[in-house]
Peer 1: 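Shown below is the structure under consideration.
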Amino acid sequence: GTRYLLLKESRDSSLVRDPASGETRYLPTAELEPVAGESPLVTAAAAVSTRTREELPTLADERAVGLLVVVARREPVGVRTLLGLDLCESDLHGLLGELRAAGLVAETTVAGERGYETTAAAAPVTAEVGD
(Lines give C-alpha, C1' and ligand atoms only; values in the text may rest on other atoms or scores of the structure.)
Protein backbone atom coordinates (compact mmCIF):
# COMPACT_ATOMS: atom_id res chain seq x y z
CA GLY A 1 0.00 0.00 0.00
CA THR A 2 0.85 3.65 -0.16
CA ARG A 3 2.55 5.26 2.81
CA TYR A 4 1.29 8.61 4.03
CA LEU A 5 2.21 11.02 6.77
CA LEU A 6 -0.67 11.65 9.14
CA LEU A 7 -1.22 15.39 9.56
CA LYS A 8 -4.62 15.48 11.31
CA GLU A 9 -6.88 12.72 12.51
CA SER A 10 -10.54 12.59 13.45
CA ARG A 11 -12.92 9.73 13.93
CA ASP A 12 -14.23 9.88 10.35
CA SER A 13 -11.42 11.25 8.20
CA SER A 14 -7.73 12.03 8.36
CA LEU A 15 -5.60 14.56 6.54
CA VAL A 16 -2.57 12.80 5.06
CA ARG A 17 0.39 13.78 2.91
CA ASP A 18 2.09 11.60 0.34
CA PRO A 19 5.81 12.05 1.20
CA ALA A 20 6.88 11.40 -2.38
CA SER A 21 4.58 13.89 -4.12
CA GLY A 22 3.78 16.28 -1.26
CA GLU A 23 0.08 15.97 -2.12
CA THR A 24 -2.30 16.30 0.83
CA ARG A 25 -5.81 14.89 0.98
CA TYR A 26 -8.43 13.53 3.32
CA LEU A 27 -8.95 9.77 3.55
CA PRO A 28 -11.38 7.76 5.69
CA THR A 29 -9.64 7.06 9.00
CA ALA A 30 -10.94 3.49 8.99
CA GLU A 31 -8.93 2.79 5.81
CA LEU A 32 -5.61 3.81 7.37
CA GLU A 33 -3.33 1.66 9.44
CA PRO A 34 -0.04 2.60 11.10
CA VAL A 35 3.21 1.16 9.80
CA ALA A 36 4.77 -0.72 12.68
CA GLY A 37 8.33 0.15 13.49
CA GLU A 38 8.70 3.07 11.06
CA SER A 39 9.43 6.53 12.36
CA PRO A 40 7.20 9.27 10.90
CA LEU A 41 10.33 11.38 10.50
CA VAL A 42 12.01 8.71 8.36
CA THR A 43 8.87 8.63 6.22
CA ALA A 44 8.95 12.45 5.96
CA ALA A 45 12.61 12.28 4.88
CA ALA A 46 11.51 10.29 1.82
CA ALA A 47 10.05 13.54 0.44
CA VAL A 48 13.57 14.92 -0.13
CA SER A 49 15.09 13.85 -3.43
CA THR A 50 18.65 12.62 -3.80
CA ARG A 51 19.43 15.71 -5.88
CA THR A 52 18.24 18.04 -3.11
CA ARG A 53 20.15 16.08 -0.46
CA GLU A 54 23.35 16.63 -2.43
CA GLU A 55 22.85 20.39 -2.03
CA LEU A 56 22.68 20.13 1.78
CA PRO A 57 25.31 19.57 4.44
CA THR A 58 25.52 15.89 5.36
CA LEU A 59 23.12 14.94 8.14
CA ALA A 60 23.96 11.87 10.21
CA ASP A 61 20.40 10.69 10.78
CA GLU A 62 17.40 10.22 8.46
CA ARG A 63 15.27 11.54 11.29
CA ALA A 64 17.18 14.84 11.04
CA VAL A 65 16.21 15.10 7.37
CA GLY A 66 12.61 14.31 8.34
CA LEU A 67 12.66 16.95 11.07
CA LEU A 68 13.97 19.49 8.56
CA VAL A 69 11.02 18.59 6.30
CA VAL A 70 8.58 19.12 9.20
CA VAL A 71 10.06 22.54 9.99
CA ALA A 72 10.08 23.52 6.30
CA ARG A 73 6.42 22.59 5.88
CA ARG A 74 5.14 24.19 9.09
CA GLU A 75 7.53 27.06 9.64
CA PRO A 76 7.81 28.74 11.89
CA VAL A 77 7.02 25.87 14.21
CA GLY A 78 6.95 25.94 17.99
CA VAL A 79 8.82 23.55 20.20
CA ARG A 80 5.54 22.32 21.71
CA THR A 81 4.44 21.16 18.26
CA LEU A 82 7.78 19.47 17.65
CA LEU A 83 7.50 17.67 20.99
CA GLY A 84 4.36 16.01 19.58
CA LEU A 85 6.51 14.14 17.06
CA ASP A 86 7.67 10.59 17.57
CA LEU A 87 10.77 11.65 19.55
CA CYS A 88 11.77 11.88 23.16
CA GLU A 89 12.78 15.34 24.32
CA SER A 90 16.48 14.52 24.33
CA ASP A 91 16.40 13.10 20.76
CA LEU A 92 14.53 16.19 19.57
CA HIS A 93 17.12 18.43 21.24
CA GLY A 94 19.94 16.46 19.61
CA LEU A 95 18.42 16.58 16.13
CA LEU A 96 17.68 20.30 16.41
CA GLY A 97 21.29 20.80 17.53
CA GLU A 98 22.49 18.94 14.44
CA LEU A 99 20.26 21.04 12.16
CA ARG A 100 21.40 24.28 13.85
CA ALA A 101 25.07 23.27 13.59
CA ALA A 102 24.57 22.55 9.88
CA GLY A 103 23.06 26.04 9.51
CA LEU A 104 19.71 24.66 8.30
CA VAL A 105 17.42 25.94 11.08
CA ALA A 106 17.46 28.89 13.44
CA GLU A 107 15.63 29.63 16.66
CA THR A 108 12.71 32.04 16.47
CA THR A 109 9.70 32.98 18.55
CA VAL A 110 6.32 31.40 17.84
CA ALA A 111 3.29 32.62 19.82
CA GLY A 112 5.64 33.98 22.47
CA GLU A 113 7.55 30.71 22.84
CA ARG A 114 10.70 29.19 21.39
CA GLY A 115 10.40 27.75 17.91
CA TYR A 116 12.36 27.08 14.74
CA GLU A 117 12.40 28.13 11.12
CA THR A 118 14.57 27.17 8.18
CA THR A 119 17.50 29.29 7.03
CA ALA A 120 18.63 30.19 3.52
CA ALA A 121 20.86 27.09 3.58
CA ALA A 122 17.71 24.94 3.71
CA ALA A 123 16.19 26.64 0.64
CA PRO A 124 16.50 23.50 -1.55
CA VAL A 125 14.38 21.53 0.93
CA THR A 126 11.93 24.37 1.48
CA ALA A 127 11.46 24.73 -2.28
CA GLU A 128 10.93 20.99 -2.70
CA VAL A 129 8.60 20.26 0.22
CA GLY A 130 7.27 23.58 1.52
CA ASP A 131 3.56 24.30 1.21
Side-chain angles (χ1 to χ4, degrees):
T2 304
R3 291 185 182 199
Y4 296 102
L5 293 172
L6 181 64
L7 303 175
K8 288 185 195 176
E9 182 178 20
S10 72
R11 194 182 75 209
D12 298 323
S13 67
S14 295
L15 180 62
V16 298
R17 181 186 315 275
D18 182 329
S21 69
E23 174 190 359
T24 59
R25 63 183 171 145
Y26 284 92
L27 293 174
T29 299
E31 292 180 12
L32 301 174
E33 58 185 72
V35 177
E38 175 130 350
S39 163
L41 291 177
V42 171
T43 302
V48 181
S49 68
T50 302
R51 183 172 158 265
T52 297
R53 287 174 189 244
E54 290 170 355
E55 297 178 45
L56 299 173
T58 302
L59 298 172
D61 190 322
E62 276 297 288
R63 295 176 312 154
V65 176
L67 183 57
L68 181 59
V69 168
V70 169
V71 173
R73 285 189 171 145
R74 298 181 181 183
E75 73 177 319
V77 60
V79 169
R80 287 181 194 239
T81 299
L82 295 175
L83 284 170
L85 299 173
D86 186 32
L87 292 170
C88 69
E89 195 169 338
S90 117
D91 284 349
L92 176 62
H93 180 71
L95 292 173
L96 286 169
E98 181 179 354
L99 293 174
R100 281 192 323 266
L104 297 168
V105 299
E107 283 191 33
T108 189
T109 302
V110 179
E113 298 183 355
R114 190 178 73 201
Y116 291 88
E117 61 188 355
T118 58
T119 65
V125 171
T126 304
E128 187 168 86
V129 303
D131 285 336

Peer 1: So, for Ala47 and Glu128, which heavy atoms are closest and what is the spacing to 0.1 Å?
Peer 2: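 Shortest heavy-atom contact: O-OE1, 3.2 Å.
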
Peer 1: Can you give me every donor-acceptor pair (side chain of residues 94-108, partner residue at least two apart or in another chain, under 3.5 Å) with its distance?
Peer 2:
residue	atom	partner	partner atom	Å
Glu98	OE2	Ala60	N	2.6
Arg100	NH1	Tyr116	OH	3.2

Peer 1: Is a donor on one side and an acceptor on the other found under 3.5 Å between the side chain of Glu75 and the backbone of Thr118?
Peer 2: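 A pair under 3.5 Å: yes.
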
Peer 1: Ignoring hydrogens and geometry, is there a side-chain-to-backbone donor-acceptor pair from Thr29 to Ser13 under 3.5 Å?
Peer 2: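 Between the backbone of Ser13 and the side chain of Thr29 there is a qualifying donor-acceptor contact (under 3.5 Å).
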
Peer 1: Which atom names give the shortest non-hydrogen contact between Val65 and Val48, and what distance separates them?
Peer 2: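 The pair with the smallest heavy-atom distance is CG1-CG2, 3.9 Å.
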
Peer 1: Measuring from atom CG of Leu85 to atom CG of Asp91, what distance do you get when rounded to the nearest 0.5 angstrom?
Peer 2: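 So the CG of Leu85 and the CG of Asp91 are separated by 11.5 Å.
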
Peer 1: Between the main-chain N or O of Val79 and the side-chain N or O of Arg114, is there a donor-acceptor pair closer than 3.5 Å?
Peer 2: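 The answer is no, because no donor-acceptor pair under 3.5 Å joins these two groups.
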
Peer 1: Any link between Val42 and Leu68 through a network of hydrophobic side chains (Ile, Leu, Val, Met, Phe, Trp, Tyr) touching at under 4.5 Å?
Peer 2: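 No: no chain of side-chain contacts under 4.5 Å links Val42 to Leu68.
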
Peer 1: Checking Thr126 side chain against Ala122 main chain: does a donor-acceptor pair fall under 3.5 Å?
Peer 2: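 Pair found, side chain donor or acceptor close to backbone of Ala122.
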
Peer 1: Looking only at atom types and distance, does a side-chain atom of Ser49 sit under 3.5 Å from a main-chain N or O of Thr52, one as donor and one as acceptor?
Peer 2: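 At least one qualifying donor-acceptor pair exists.
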
Peer 1: Please report the closest heavy-atom contact between Ala72 and Val129, naming both atoms and the distance.
Peer 2: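 Scanning both residues, the minimum pair turns out to be CB-CG2, 4.0 Å.
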
Peer 1: What heavy-atom pair brings Ala44 and Val69 nearest, and what distance separates the two atoms?
Peer 2: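 Closest approach of Ala44 to Val69, heavy atoms only: O-CG2, 3.7 Å.
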
Peer 1: Can a salt bridge be assigned to the pair Arg3 and Asp18 using a cut-off of 4.0 Å between side-chain N and carboxylate O?
Peer 2: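 Between Asp18 and Arg3 there is no salt bridge, as every charged N stays at least 4.0 Å from the carboxylate O atoms.
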
Peer 1: I'd like to know whether Thr81 forms a side chain to side chain contact (heavy atoms under 4.5 Å, CB included) with Arg74, so could you lay out the CA-CA distance, the side-chain angles of the two residues, the decisive distance to 0.1 Å, and finally the verdict.
Peer 2: CA-CA 10 Å; Thr81 299; Arg74 298 181 181 183; 3.3 Å; yes

Peer 1: Where do Ala121 and Leu56 come nearest, in terms of heavy atoms and distance?
Peer 2: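 Where Ala121 meets Leu56 most closely, the heavy atoms are O-CD2, 3.8 Å.
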
Peer 1: State which residue, out of Thr2, Thr24, Leu27, fulfils the side chain to side chain contact (heavy atoms under 4.5 Å, CB included) condition with Val16.
Peer 2: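 Output: one option passes, namely Leu27.
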
Peer 1: If I compare all heavy atoms of Val110 with all of Gly115, which pair ends up nearest, and what's the gap?
Peer 2: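 Answer, listing the atom of Val110 first, then Gly115: CG2-CA, 4.0 Å.
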
Peer 1: Mind checking what makes salt bridge (Lys or Arg N to Asp or Glu O under 4.0 Å) contact with Arg53, not counting sequence neighbours?
Peer 2: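 So Arg53 forms a salt bridge (Lys or Arg N to Asp or Glu O under 4.0 Å) with Glu62.
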
Peer 1: To the nearest 0.5 Å, what is the distance between CG on Leu67 and CG on Asp61?
Peer 2: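 Going from CG on Leu67 over to CG on Asp61, the span is 10.0 Å.
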
